[in-house]
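Report on the following structure.
Just the heavy atoms: all of them, side chains too, but no hydrogens, waters or symmetry mates, feed the values below. Counting starts at 1 for both ligands and their atoms, in listed order. In this text, all values refer to a predicted model and were calculated from it rather than measured experimentally.
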Amino acid sequence: MIPLVDLKIQYEHHKDELRKAIENVLSSSSFILGKQVSTFEKNFAEFIGSVYAVGVASGTDAIHLALRATGISPGDEVITAVNTFFATSAAIELAGGRPVFVDCDPKTYLIDVNTIKKAITSKTKAIIPVHLYGQVAPMDTINAIAEKHNLIVIEDACQAHGAQYKNRRAGSWGKAAAFSFYPGKNLGAFGDGGGVTTADETVYQNLLGLRNYGSTKKYYHPTFGMNSRLDEIQAAILNVKLRFLEEWNKARIRAAERYRRNLESNPSITLPAKADHSTHVYHLFVIQVPGSRDLIIEKMAEKGIYCGIHYPIPLHLQKAYAYLEYKEGDFPHAESLTKKIISLPLFPEITDDQIDSVCEILTRLCTEGSE
Ligand SMILES: *Cc1c(COP(=O)(O)O)cnc(C)c1O
């Protein structure tokens, strides 16, 4: 059996250290906003190459609170990619904003910068580029557009821990950036968790209040806020795991390169294109296949190989967004990709043999399928 993601091996490898970290929190009995969270925030900001990091309860909240901390208010339009995970746009709603979708580049799957300009109106306040699958969106161009139109840029870096664009990490390009530490992400906790990075002192101060009932001094509430904190146990786990992130990203890259070598001679399979100026940390390895994608996934599963689809329905066609009144045909690139993409099994510990068997079966199915 080859799963899409295997979290057990990593736990087994680092079991002693992880259990000790958890045990230390339990015996200290400091569970909320203690030493583990502040240590992690310092280390994570440094790793990203930003100034501040603020631990929050999830990636969704990281985006939501980053929007509020940078001044997005009800009624503001926020532009984002239509081919992202639902949480990106859900976070816009949580902040009171109105999501405005744009299409993706059909090759890199990243937000199409040319369509951003066309989506800007007098109500637009922010852009959320999504560093989808582990590659960084073209931040130079996006920041230039934002500057020209006086817009705020919030990076959705939930799939790109450690990825670089022009030698600077994802999370150091926008006014603020959001990370998820959901267990399956490149850096994952043992439950929900998230973080915001920023180099802006005011945004940082706002975030400290927003995640803690609008308060940075107990029982004093100069502003409104909510309860959205990274807890000490998750932070302790992340403090251990952060030290291995680069090693794990390298292992993902090695696995992806093996997939490429194995599959590149098959003209019916489209491999992920590398985006300009960006490294790829392969949160996901997404290919396009000919014929019936769903049948291929089903046949792979029959052989014990579990693939994924990220994502089967573009956001504008989700029922929840009926009120935005988009229609089929509005985003042709995303709509076409949605029908062809498959995410192959990928995690740092995947073996060469596992990759080779995925490729062997996939190649056979794709060749049959295209005949
Ligand atoms: C995972 C993810 C999120 C949300 O993170 P949660 O921690 O699950 O709330 C947001 N955007 C993208 C692109 C993601 O992959």
Enumerated ligand 1 atoms positioned under 4.0 Å from heavy atoms of [X]:
X   : answer
A87 : 3 (C), 4 (C), 10 (C)
T88 : 11 (N)
T84 : 13 (C)

Determine whether N83 and P314 make a side-chain contact, defined as any pair of heavy atoms from C-beta on separated by less than 4.5 Å. no

Counting only heavy atoms closer than 4.0 Å, does ligand 1 sit against the backbone of T60, its side chain, both, or neither? both

Would you find a donor on one side and an acceptor on the other, under 3.5 Å apart, between the side chain of S27 and the backbone of E23? yes

Using heavy-atom distances only, which candidate in D156, D192, V130 approaches atom 11 (N) of ligand 1 most closely? D156

Which of parallel (below 30°), tilted (30 to 60°) and perpendicular (above 60°) describes F40 and F181? perpendicular

for atom 8 (O) of ligand 1, nearest protein heavy atom and its distance come out as S180 OG, 4.1 Å

Protein contact to atom 14 (C) of ligand 1 [nearest heavy atom, distance to 0.1 Å]: K185 NZ, 3.0 Å

Compute the minimum heavy-atom distance from H283 to ligand 1 and say whether it is under 4.0 Å. no

Tracing side-chain contacts under 4.5 Å among Ile, Leu, Val, Met, Phe, Trp and Tyr outward from L210 reaches V51, Y52, V54, V56, L65, V196, V203, Y204, L207, L208, M226

Should we count CZ of R168 as having more than 12 external heavy atoms under 6.0 Å? yes

Can E41 and R211 be counted as an ion pair, charged N to O under 4.0 angstrom? yes

